Engineer: 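To start, I am sharing the structure in question, which I have written as structure tokens.
Please read these numbers as outputs of a predicted model, since none were measured by experiment.
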Amino acid sequence: MLLSSHSPEAVAAQPYRVVVAPENRFHLDPAFLANFIGEQPSWGPIGYVVYKRTYARRLPDGGSEEFWQTLQRVTEGTFTLLKQQIRAAHRPWNDDEAQRKAQDFYRRMWAFKWLPPGRGLWIMGTDYLERNGGGAANNCGFVSTGGLRSDFAEPFCALMDWSMLGVGMGFDTRGAGAVVISQPQVGGTYVVEDTREGWIDLIKTTLLAYVGQALLPSDVDVSKVRPEGEPIHGFGGTASGPGPLLDLWRGVRAILDPLVGLPITSAAITDVMNLIGRCVVAGNVRRSSEIALGDIDDASFLSLKDPTRDREIQTQQRGIELAHGIDIDNLLVQQRAYSPLSPEFADWQKTIDRVKARRYEIAEWAALDAERWALPLNAYRWASNNTVWGDNASGAELRHIGERIAQNGEPGVGWLNLMRSHGRLIDPPNNADYGASGMNPCAEQTLWDRELCCLVETFPTKHLLSDGTFDLADYQATLKMAYLYAKVVSGIPTHRPDTNAVMAANRRIGTSEAGVVELYETLGMTECCRIWDASYDYITDLDAEYSRWMACPRSIKRTSIKPGGTIPLLVGVEGGMKWPTAAYYMRTVRIDRLSPMIPVLERLGYRVEPDHYTPRSMVAYFPVASSAKRFAGQVSVWEQAELAAALQAHWSDNMVSCTLTFRQHEAVDVPRVIEAFTGRLKVVSFLPVSEHGYLQAPYIPCTEAEYNAAVSAITGDLAAALSAALSGVQTKAEEERFCSGDRCEMKRPA
């Protein structure tokens with residue numbers, strides 16, 4: 001019998017608790033908080049719904065947090081940890097000054113001038129954070145496989161560990177060829193404990209069996225794993241049951257068995273990591289993401305996302321459909337004559353669905369479909385965005401990659417040497433990041449092996465004055481609060497000593513900006529660069545001052561541009577350097593079908609309908625109007641690249657997450673953009689602008705008349721109605737379908 005070493009008793013005894021002394025507990029003045037009780041901030045069009053769906057925790061009395069209570073928890077949690085860190089460093093602490101600072105910290109969040117990351121809104125100030133360490137408070141991380149020869153299982157287990165806490169993870173393929181896979185010896189049944197550590201230990205044991213350091217379990221006993229649907233009390237969410245873990249266990253063996261007697265390959269490394277990513281997403285705890293980093297001359301790595309066979313199958317299926325009188329493409333053309341919001345569009349969709357179902361009655365078509373979805377590309381390789389290193393690449397190699405991108409949208413290109421040598425590209429090289437090995441999935445953070453990082457978002461457009469000028473002093477006051485939050489998180493120990501070592505040395509943070517395009521369109525490039533330069537200088541000086549006070553190293557890097565996920569939705573601005581979708585559009589939000597939010601939205605007149613792709617969800621439509629002058633698809637790929645380069649030069653000393661969209665006629669420019677901006681960007685990816693054809697897409701452009709009709713149908717106070725309905729209920733977060741950051745993927749409908 002093989003028993004896990006991660007029993008609940010052993011896990012509970014691990015010494016990574018954040019032990020806060022009672023005298024270090026910080027509390028906001030109740031008289032201050034009284035100003036916010038019963039009030040609501042100026043939410044974006046879908047902000048309150050997203051907040052209640054995703055971040056409002058259950059209160060001890062069974063109620064659901066309101067935003068003032070969430071900010072109280074975040075503020076008091078942050079300043080408690082700050083007080084703990086300051087006193088542990090034997091530095092001075094002034095309670096009155098801390099109270100004033102904490103109140104400003106709170107006010108600026110309430111005014112949506114800055115916000116912590118979504119995981120910060122969810123986890124900061126909770127017992128979970130103190131009990132389990134700071135890992136879950138960080139957005140992203142990276143593991144290198146360069147040390148596979150000394151510890152074959154550890155990089156895979158580290159990625160699984162952090163991914164199961166919702167941390168977006170990057171990994172490389174440097175370990176390719178380092179280890180020869182051996183025939184495992186089989187013995188015994190492995191009993192999986194119902195813990196995160198228990199799941200990881202099964203995969204660790206399995207991996208080590210393929211290098212002769214453990215026995216491969218002959219069977220796996222998952223009787224202790226809680227069944228699907230049961231609540232996960234610590235981190236939140238609901239259990240998936242043991243199915244995803246068993247699929248992962250079988251998948252790892254299927255990848256490694258054919259390699260017995262051969263060196264591990266970059267493809268095998270990526271595939272195992274992708275199988276882990278699929279398991280985590282299916283595990284239904286927290287959405288995570290991956291980026292795979294390979295060499296530009298590694299043909300095996302480049303072929304991982306090759307869609308050739310997938311397209312061949314689709315072509316064969318198309319021929320079979322036409323032979324049987326099924327012409328879905330023609331039906332789609334007719335459907336697009338109507339607005340996606342019209343009843344006619346929905347009627348056409350019902351017809352299309354019926355016709356699609358007929359295809360499975362054709363044995364040859366169904367067999368091809370089974371083959372298509374069993375292809376690694378569709379089965380698990382979708383779990384990572386792939387990027388190649390462009391360092392020392394010739395012009396011909398870069399052009400070749402550009403041609404692949406123009407056809408397939410992948411891979412991205414990164415320049416590691418530039419990441420290591422430079423902060424902002426307007427500054428001289430400082431080689432401060434000499435140990436960097438990779439990046440996070442959205443490519444805004446340079447990272448060392450096993451390093452995590454905390455990102456915060458600021459909203460500079462919230463500092464525009466009525467006369468159109470920018471209040472730089474007010475923005476710098478906001479930067480101080482955002483910086484302080486991230487700096488505190490960078491000092492919270494995690495449950496992994498290797499990660500603690502690199503984080504304690506680097507204290508890296510990522511202070512980001514959202515709504516960049518609105519600022520750029522309002523003020524112009526020259527003024528934006530002036531603001532970015534002045535703000536960067538300020539945060540650099542601030543870090544020197546605060547690092548001395550906190551008796552810790554200065555942050556190796558401090559600024560970035562992240563793409564933005566859910567947090568900008570609360571505020572009602574576009575994430576990162578993203579152009580808005582259209583002047584008028586419907587923003588869809590997925591909500592669990594059993595949520596008490598659904599009848600409230602229906603009663604108030606919002607359009608709500610079953611999710612076409614996920615039966616357990618409903619889709620609510622929210623009308624949104626934009627005052628922007630230009631929209632996605634109207635801005636050239638060259639102008640987008642120039643904006644990214646300006647941000648990399650004047651603001652971000654980490655990186656700028658930029659997925660440059662290109663129209664069909666610009667595909668020929670993609671290789672030229674890569675060559676032209678080599679040395680001006682640290683990383684870049686591309687995405688073709690196309691009609692995705694998804695029903696219930698996240699953004700659905702509409703006419704002004706459709707927008708006005710949707711607004712007119714809404715009656716009542718949404719915040720008041722939801723607040724009353726959700727008393728005593730904590731809603732379950734739903735994954736945003738189709739897109740992860742700026743990278744959009746078609747998942748197989750349920």
Side-chain angles (χ1 to χ4, degrees), residues 5-21 24-26 57 73-74 76-89 116-143 154 157-169 193 195-201 204 232-237 280 285-286 288 440 445 447-456 485-510 550 552-553 555:
S5 61
H6 295 285
S7 66
E9 294 77 15
V11 171
Q14 292 186 27
Y16 51 79
R17 285 176 170 271
V18 181
V19 181
V20 178
N24 290 339
R25 295 287 177 189
F26 179 89
R57 297 187 73 96
R73 170 171 53 77
V74 169
E76 293 182 345
T78 303
F79 277 77
T80 291
L81 293 170
L82 175 62
K83 190 174 183 179
Q84 177 89 356
Q85 292 171 5
I86 291 296
R87 288 189 162 174
R119 66 192 51 255
L121 285 181
W122 173 254
I123 211 75
M124 178 55 77
T126 64
D127 291 341
Y128 181 93
L129 186 65
E130 295 183 18
R131 188 173 65 250
N132 295 279
N138 286 278
N139 302 68
C140 55
F142 173 81
V143 295
E154 179 56 23
C157 294
L159 180 136
M160 185 173 181
D161 190 5
W162 291 125
S163 294
M164 291 181 76
L165 289 172
V167 179
M169 293 300 295
E193 298 292 339
T195 62
R196 184 180 81 255
E197 293 86 355
W199 284 41
I200 295 168
D201 202 60
K204 178 179 181 179
I232 300 173
H233 297 292
F235 195 64
V280 170
V285 177
R286 267 300 196 244
S288 189
N440 70 314
Q445 294 298 112
L447 294 168
W448 294 27
D449 183 21
R450 314 304 166 92
E451 186 177 14
L452 302 185
C453 191
C454 175
L455 304 166
V456 292
Y485 174 88
K487 190 74 171 184
V488 168
V489 171
S490 74
I492 306 173
T494 77
H495 63 282
R496 298 185 66 94
D498 53 356
T499 289
N500 293 340
V502 67
M503 288 185 66
N506 287 350
R507 297 299 289 258
R508 184 193 309 272
I509 63 174
M550 299 171 75
C552 69
S555 296

Engineer: Any side-chain heavy-atom pair from Asp498 and Val502 closer than 4.5 angstrom?
Structural biologist: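 With C-beta onward as the side chain, the pair stays apart.
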Engineer: Kindly indicate whether the side chain of Asp201, heavy atoms from C-beta on, has any atom under 4.5 Å from the side chain of Glu193.
Structural biologist: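 Sidechains of Glu193 and Asp201: no contact.
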Engineer: Where do Asn139 and Val167 land on the side chain to side chain contact (heavy atoms under 4.5 Å, CB included) test, with the steps shown first?
Structural biologist: CA-CA 5 Å; Asn139 302 68; Val167 179; over 6 Å; no
Engineer: Of all heavy-atom pairs between Ala89 and Met550, which one has the smallest distance, and what is that distance?
Structural biologist: CB-O, 3.7 Å
Engineer: Just verifying a value: how many Å separate Arg508 CZ and Lys487 NZ, rounded to the nearest 0.5 Å?
Structural biologist: 12.0 Å
Engineer: How long is the gap from CG on Asn132 to OG1 on Thr126, to the nearest 0.5 Å?
Structural biologist: 8.5 Å
Engineer: Can you tell me if Thr499 uses its side chain to pair, donor with acceptor, with the backbone of Arg450 under 3.5 Å?
Structural biologist: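 Between the backbone of Arg450 and the side chain of Thr499 there is a qualifying donor-acceptor contact (under 3.5 Å).
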Engineer: Atom CZ in Phe26, atom OG1 in Thr78: separation rounded to 0.5 Å?
Structural biologist: 10.0 Å
Engineer: Side chain to side chain contact (heavy atoms under 4.5 Å, CB included) for Arg57 and Ile123? Distances and angles first, verdict last.
Structural biologist: CA-CA 9 Å; Arg57 297 187 73 96; Ile123 211 75; 4.3 Å; yes
Engineer: Nearest 0.5 angstrom please: Leu81 CG to Ile86 CD1, how far?
Structural biologist: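 Rounded to the nearest 0.5 Å, the CG-CD1 separation comes out at 11.5 Å.
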Engineer: Hey, does Cys552 have a side-chain heavy atom less than 4.5 Å from the side chain of Arg507?
Structural biologist: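 Touching, per the 4.5 Å side-chain cut-off.
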Engineer: I'd like to check Arg119 versus Val489 (side-chain heavy atoms, cut-off strictly below 4.5 Å). Are they in contact?
Structural biologist: no
Engineer: What's the shortest heavy-atom distance between Ala486 and Cys454, and which atoms?
Structural biologist: CA-SG, 4.1 Å
Engineer: Roughly how far, to the nearest 0.5 Å, is CG of Leu129 from CH2 of Trp122?
Structural biologist: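 Between atom CH2 of Trp122 and atom CG of Leu129 there are 13.5 Å.
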Engineer: With heavy-atom distances below 4.5 Å as the criterion, would you say the side chains of Cys140 and Cys453 are in contact?
Structural biologist: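 A side-chain contact under 4.5 Å exists here.
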Engineer: Do the side chains of Pro116 and Leu121 get nearer than 4.5 Å, heavy atoms only?
Structural biologist: yes
Engineer: Of all residues at least two apart in sequence or in a different chain, which pass the salt bridge (charged side-chain N to carboxylate O under 4.0 Å, His left out) check with Lys83?
Structural biologist: Asp95
Engineer: Report yes or no: do Asn440 and Gln445 form a side-chain donor-acceptor pair below 3.5 Å?
Structural biologist: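 The answer is no; no qualifying pair exists.
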Engineer: If you take all heavy atoms of Asp161 and Arg196, which pair is closest and at what distance?
Structural biologist: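 Closest approach of Asp161 to Arg196, heavy atoms only: OD1-NE, 2.7 Å.
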Engineer: So how far is it from Arg131 CZ to His495 NE2, rounded to the nearest 0.5 Å?
Structural biologist: 13.5 Å
Engineer: Can you tell if the side chain of Pro117 reaches within under 4.5 Å of the side chain of Val456, non-hydrogen atoms only?
Structural biologist: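 Result yes, sub-4.5 Å side-chain heavy-atom pair found.
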